[in-house]
Protein chains: 2
Amino acid sequence: MASRAKATILDIAREAGVSKSTVSLVLQGSGLIRPETAVKVRKAIEDVGYVYNRGAANLRKAHSNVIGMVINDLTNPFFAELAVGMERVFQAAGVVPFIANTAENPVRQEEVLKSLMEQGVAGLIVSPARGTTPGAFRRIETAGVPIVFAMRRLPDSRIPVIAPDNHRGAVLAAEHLIRRGHRRLAFFGGSSDLVVYHERLGGFLEACETLGIPASDRLIVEGETSRKGGMACLETALATAEPPTAALCFNDAVAFGAMLALRRRKLEAGADFAVVGFDDVAEAEHYSPALTSVAVDTAGLGERAAHVMLKMIQSRTTRAEDHIGAVSLVVRESSGPDRNNQVGDAA
Amino acid sequence: MASRAKATILDIAREAGVSKSTVSLVLQGSGLIRPETAVKVRKAIEDVGYVYNRGAANLRKAHSNVIGMVINDLTNPFFAELAVGMERVFQAAGVVPFIANTAENPVRQEEVLKSLMEQGVAGLIVSPARGTTPGAFRRIETAGVPIVFAMRRLPDSRIPVIAPDNHRGAVLAAEHLIRRGHRRLAFFGGSSDLVVYHERLGGFLEACETLGIPASDRLIVEGETSRKGGMACLETALATAEPPTAALCFNDAVAFGAMLALRRRKLEAGADFAVVGFDDVAEAEHYSPALTSVAVDTAGLGERAAHVMLKMIQSRTTRAEDHIGAVSLVVRESSGPDRNNQVGDAA
DNA sequence: TTGATTTATTGGAACGTTCCATTTATAGCG
DNA sequence: CGCTATAAATGGAACGTTCCAATAAATCAA
């Protein structure tokens with residue numbers, strides 16, 4: 001049953017009594033071969049348990065059908081949702097995306113990119129790891145392989161980016177908190193080596209300026225972008241002389257962490273301290289209390305990124321427009337009014 | 001800068017003034033070449049922006065360094081944790097795992113497996129999609145590519161399986177509930193087309209038998225293995241004439257759903273209805289109330305699966321022992337005693 | 001010195017495909 | 001019937017590696 005050596009198109013050719021070229025044509029679904037011949041060949045393929053060798057084919061074709069998705073943290077459901085969005089459109093296009101995880105480690109990322117390139121990918125969709133060096137993608141660019149960044153960007157690179165409107169999202173969220181009467185605001189989590197951090201923090205600060213929250217009433221606490229980081233941020237904030245009454249969090253994981261820390265202190269998010277997240281992962285709606293968050297249409301961004309990639313491959317270009325996705329604030333329970341300073345905007 | 005056609009070892013050879021064989025040797029880190037020659041070659045490699053063509057190499061070597069991980073639901077954090085465990089050991093072994101998602105769709109799974117095979121993977125770690133047909137892996141087996149199943153198994157296949165002790169986990173959980181005084185128990189979620197379902201349900205039923213819960217006091221509600229499914233299960237259960245007071249859930253997602261449905265009814269998990277989950281995902285500990293769950297050491301199972309795979313590849317076999325991982329019950333807040341039937345075991 | 005041994009390097013034949021240029025078979029037409 | 005036009009099938013030269021067998025250069029033993 002299991003043939004000793006693996007079968008090649010020559011074995012099929014012999015089995016079916018045709019030439020290897022004919023087999024190749026059948027494999028490619030060419031209309032040039034007589035239907036009955038095709039049937040005969042396909043039967044032979046089945047009989048010998050043939051598996052197509054794409055490596056050999058690519059040697060001639062130089063056009064593979066695999067796309068690499070390099071993701072910095074698979075355990076963050078946010079990125080899993082992104083991946084799912086991309087897969088939907090790739091599947092429809094007959095392209096197989098291979099996902100690789102870098103675990104937020106630039107060295108690992110280097111290895112993963114190298115391996116993907118050696119495999120001959122047609123394109124790369126990357127959410128770069130924190131601390132990626134500016135030149136990390138130069139090799140790939142000069143090799144002419146299209147890249148698009150998803151969600152994150154690098155300080156000054158000309159690689160197209162698909163990302164939500166972080167600035168606007170943060171403005172919306174901060175305005176919401178201020179309208180609810182909060183006057184002492186914090187920004188929790190994230191660190192300044194991420195471009196996204198500056199965008200979100202920038203929106204937060206802009207809203208504060210516009211609506212008259214002085215710098216002395218703003219608290220910025222950097223921290224890990226995880227539950228743990230969020231817990232730490234909250235502790236730090238409450239330990240200050242005049243603690244804030246509300247916080248915009250870098251992302252939902254940080255927000256969940258902050259809410260957990262509140263609960264540990266017997267405080268309730270929403271009633272005692274307002275928390276707003278960013279990304280609106282599926283879990284936000286199901287949390288208790290439900291988390292107010294900036295929705296970024298994650299799967300939609302994934303689809304968009306995939307489309308852009310497909311177009312780049314098709315038109316053999318390495319350039320494309322950036323795409324900034326619309327955002328919206330989803331108000332839930334976690335962002336109640338300041339109890340000492342009630343001012344309308346009660347939704 | 002970007003050379004027109006992509007560079008090959010011949011270009012490097014010319015650049016460095018050596019033969020292609022020498023370049024090949026350098027690429028493989030052979031000790032046969034003179035150090036200064038190696039340096040010269042490596043410089044040339046850098047200069048021409050060479051990228052190794054693994055497809056061409058595999059044509060001769062027939063031993064690739066990529067392993068495919070086929071996962072049925074990436075958005076379930078449980079599988080992401082599994083993937084992370086595997087990656088740890090593969091990275092150390094210099095192997096690059098490519099992850100592909102089947103979204104619980106056997107057709108998609110077929111495509112993904114085909115593509116991975118064509119890519120010439122050295123092995124496959126698979127968590128099969130629900131509804132996978134028995135013969136789905138025959139082709140791969142006869143091709144001699146090692147497979148290991150992770151977490152899930154197929155009804156009667158001789159492919160090695162790495163999975164937790166589902167039966168024992170369910171026994172532990174059910175015993176716990178019964179000792180807490182519950183007398184009307186339910187099993188929530190999952191469906192009988194999954195082998196895992198029978199294992200977990202079997203453990204539940206066995207514990208009921210042993211500890212004297214009659215069949216009339218047991219309720220089994222099948223359902224989707226998601227939050228949504230869990231919510232539906234709870235509603236169904238509470239609508240019965242004599243509703244249960246506790247439920248063991250097929251997995252944590254179902255448990256989270258059940259808890260959410262309780263909250264919607266202004267009931268509290270733990271106090272009004274006991275809920276136990278399965279898998280103990282990271283979130284379980286941080287939920288409110290914290291979820292009692294069967295811990296399966298997900299990342300550990302991932303590591304084990306990767307090790308088994310590595311060994312199979314090395315020893316060129318397609319056989320290996322099953323590995324059933326130890327489980328333990330982590331008691332938290334969601335599984336309080338039956339309020340009408342208090343009987344010790346208060347931890 | 002000569003031959004044997006070791007150390008570095010090299011040419012060439014694979015590997016399994018694709019695709020161009022041909023060849024062969026089939027049909028159409030006057 | 002011969003001729004052309006069309007359809008179907010084919011051989012062979014790539015593609016970029018690896019690896020064996022062979023060569024060339026350097027070292028050693030006697």
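Note on naming: letters A, B, ... go to the chains in the order of the sequence lines (proteins, then strands), and numbering restarts at 1 for each one. Heavy-atom basis, side chains included; hydrogens, waters and symmetry copies ignored.
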Chemist: Between A:L116 and A:V66, is there a side-chain heavy-atom distance shorter than 4.5 Å?
Modeler: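 Counting from C-beta outward, A:V66 and A:L116 never come under 4.5 Å.
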
Chemist: Side-chain contact test, heavy atoms from C-beta onward, threshold under 4.5 Å: evaluate it for A:M151 versus A:I162 and give yes or no.
Modeler: no

Chemist: Between A:D11 (side chain) and A:T8 (backbone), is there a donor-acceptor pair under 3.5 Å?
Modeler: yes

Chemist: Residues in side chain to side chain donor-acceptor pair (under 3.5 Å) with B:S21, at least two apart?
Modeler: none

Chemist: Which residues in residues 53-61 of chain B have a heavy atom closer than 4.0 Å to any atom of DNA chain C?
Modeler: B:L59, B:R60

Chemist: Please list, in 5' to 3' order, the outermost nucleotides of DNA chain C lying under 4.0 Å from any heavy atom of chain A.
Modeler: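 Terminal contacting nucleotides, 5' to 3': C:dG16 to C:dC19.
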
Chemist: Are there any protein N/O atoms within less than 3.5 Å of an N/O atom in nucleotides 10-12 of chain D, and if so, which ones and at what distance?
Modeler:
from, atom 1, to, atom 2, distance (Å)
D:dT10, OP2, A:S19, N, 2.7
D:dT10, OP2, A:S19, OG, 3.1
D:dT10, OP2, A:T22, OG1, 2.5
D:dT10, O5', A:S19, OG, 3.4
D:dG11, N7, A:S21, OG, 2.9
D:dG11, O6, A:S21, OG, 3.0
D:dG12, N7, A:K20, NZ, 2.9
D:dG12, O6, A:K20, NZ, 2.5
D:dG12, O6, A:S21, OG, 3.4

Chemist: So, B:E46 and A:R139, do they make that salt bridge, N to O below 4.0 Å?
Modeler: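 Salt bridge present between B:E46 and A:R139.
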
Chemist: Are any of the side-chain heavy atoms of B:I159 and B:L154 separated by less than 4.5 Å?
Modeler: no

Chemist: Could you pull out all donor-acceptor pairs under 3.5 Å where a side-chain atom in residues 309-322 of chain B meets a protein atom, sequence neighbours excluded?
Modeler:
from, atom 1, to, atom 2, distance (Å)
B:S315, OG, B:K311, O, 2.8
B:T317, OG1, B:R319, N, 3.0
B:D322, OD1, B:V161, N, 3.1

Chemist: Sequence neighbours left out, what pairs pass ring pair (Phe, Tyr, Trp, His ring centres under 6.0 Å) with at least one residue falling in residues 45-98 of chain B?
Modeler: A:F98-B:F98

Chemist: With the threshold set at under 4.0 Å for non-hydrogen atoms, list the residues of residues 28-38 of chain B touching DNA chain C in residue-number order.
Modeler: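 The answer is B:L32, B:I33, B:R34, B:T37.
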
Chemist: Please tabulate, for side-chain N and O atoms in residues 118-132 of chain A, each donor-acceptor pair with protein atoms closer than 3.5 Å (sequence neighbours left out).
Modeler:
from, atom 1, to, atom 2, distance (Å)
A:E118, OE1, B:R54, NE, 2.9
A:E118, OE1, B:R54, NH2, 2.3
A:S127, OG, A:N72, OD1, 2.7
A:T132, OG1, A:Q109, NE2, 3.0
A:T132, OG1, A:A129, N, 3.4
A:T132, OG1, A:A129, O, 2.5

Chemist: Let me check the geometry of the helix from C:dT1-D:dA30 to C:dG30-D:dC1. What is the bend angle between the axes at its two ends, five pairs each, to 10°?
Modeler: 50°

Chemist: Without hydrogens or angle criteria, can the side chains of A:E111 and A:S115 be said to hold a donor-acceptor pair below 3.5 Å?
Modeler: no

Chemist: Between B:N58 (side chain) and B:K61 (backbone), is there a donor-acceptor pair under 3.5 Å?
Modeler: no

Chemist: Kindly state each residue pair satisfying ring pair (Phe, Tyr, Trp, His ring centres under 6.0 Å) with at least one member in residues 114-144 of chain A, sequence neighbours excluded.
Modeler: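 Pairs touching residues 114-144 of chain A that pass the test: A:F137-A:F149.
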
Chemist: Side chains of B:V96 and B:I67: closer than 4.5 Å at any heavy-atom pair?
Modeler: no

Chemist: Sorted by first residue and then second, give each ring pair (Phe, Tyr, Trp, His ring centres under 6.0 Å) pair with at least one member in residues 111-135 of chain A; sequence neighbours left out.
Modeler: none

Chemist: Tell me the salt bridge (Lys or Arg N to Asp or Glu O under 4.0 Å) pairs involving residues 26-45 of chain A, sequence neighbours left out?
Modeler: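 Checked against salt bridge (Lys or Arg N to Asp or Glu O under 4.0 Å) - neighbours excluded - the pairs reaching residues 26-45 of chain A are A:R34-A:E36, A:K43-A:D47.
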
